[in-house]
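A quick write-up on the structure given underneath.
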Amino acid sequence: MIVISYDISNDKLRTKFAKYLCKYGHRLQYSVFEIDNNERVLNNIEADIKNLFEKKFTQTDSIIIFRISKNCKITRYGYAKNDNSDMIIVT
């Protein structure tokens with residue numbers, strides 16, 4: 001799993017970046033996305049950040065990418081508990 005956290009001050013750029021990340025994963029919190037760990041997808045995201053977004057950043061903007069391994073312990077509380085397991089509905 002890859003977790004991407006961002007803090008972008010410009011409203012338009014922040015919205016554009018969030019919509020961009022929605023194509024690859026789902027939102028955990030307002031500025032935190034979870035993306036399945038796929039090296040090709042990560043390479044595309046990093047290239048797009050460098051080529052499309054980074055040149056528009058101010059000195060206060062940041063994006064942090066966390067690569068979470070299977071050995072990492074993840075504990076979820078509240079609504080986040082629902083993301084912990086897959087749900088199958090049979091009708």
Do [X] and [Y] belong together in a cluster built from hydrophobic side chains that touch within less than 4.5 Å?
| X | Y | answer |
| --- | --- | --- |
| Ile65 | Val3 | no |
| Leu52 | Phe33 | yes |
| Phe66 | Leu28 | yes |

Is it true that atom CG of Asp36 has more than 12 heavy atoms of other residues, nucleotides or ligands lying nearer than 6.0 Å? no
For residues 6-22, the salt bridge (charged side-chain N to carboxylate O under 4.0 Å, His left out) pairs (sequence neighbours left out) are Asp11-Arg14
The complete set of salt bridge (charged side-chain N to carboxylate O under 4.0 Å, His left out) pairs with one or both residues in residues 49-65, sequence neighbours excluded, reads none
Distance check, rounded to the nearest 0.5 Å: [X] atom [atom1] versus [Y] atom [atom2]?
| X | Y | atom1 | atom2 | result |
| --- | --- | --- | --- | --- |
| Ile8 | Phe57 | CD1 | CZ | 4.5 Å |
| Tyr6 | Ile49 | OH | CD1 | 11.5 Å |
| Ile45 | Lys23 | CD1 | NZ | 9.5 Å |
| Met1 | Asn38 | CE | CG | 14.5 Å |

Tightest non-hydrogen contact, residues Thr60 and Ser9, listed as OG1-OG, 4.0 Å
Before accepting this row, confirm whether a basic side-chain N of the pair Glu46/Arg67 lies closer than 4.0 Å to the acidic partner's carboxylate O. yes
Under the criterion side chain to side chain contact (heavy atoms under 4.5 Å, CB included), I'd like the reasoning laid out for Ile4 against Leu21: C-alpha separation, chi angles, the key distance, then a yes or no. CA-CA 9 Å; Ile4 299 180; Leu21 290 179; 3.9 Å; yes
Exercise. Is any side-chain heavy atom of Ile63 less than 4.5 Å from a side-chain heavy atom of Phe17?
Worked result: yes
query: Do any N or O atoms from the side chain of Ser5 and from the backbone of Ile64 form a donor-acceptor pair under 3.5 angstrom?
result: no
Show, in sequence, the C-alpha distance, side-chain angles and deciding distance for Ile2 and Ile68, and conclude whether the side chain to side chain contact (heavy atoms under 4.5 Å, CB included) test is met. CA-CA 6 Å; Ile2 300 163; Ile68 309 296; over 6 Å; no
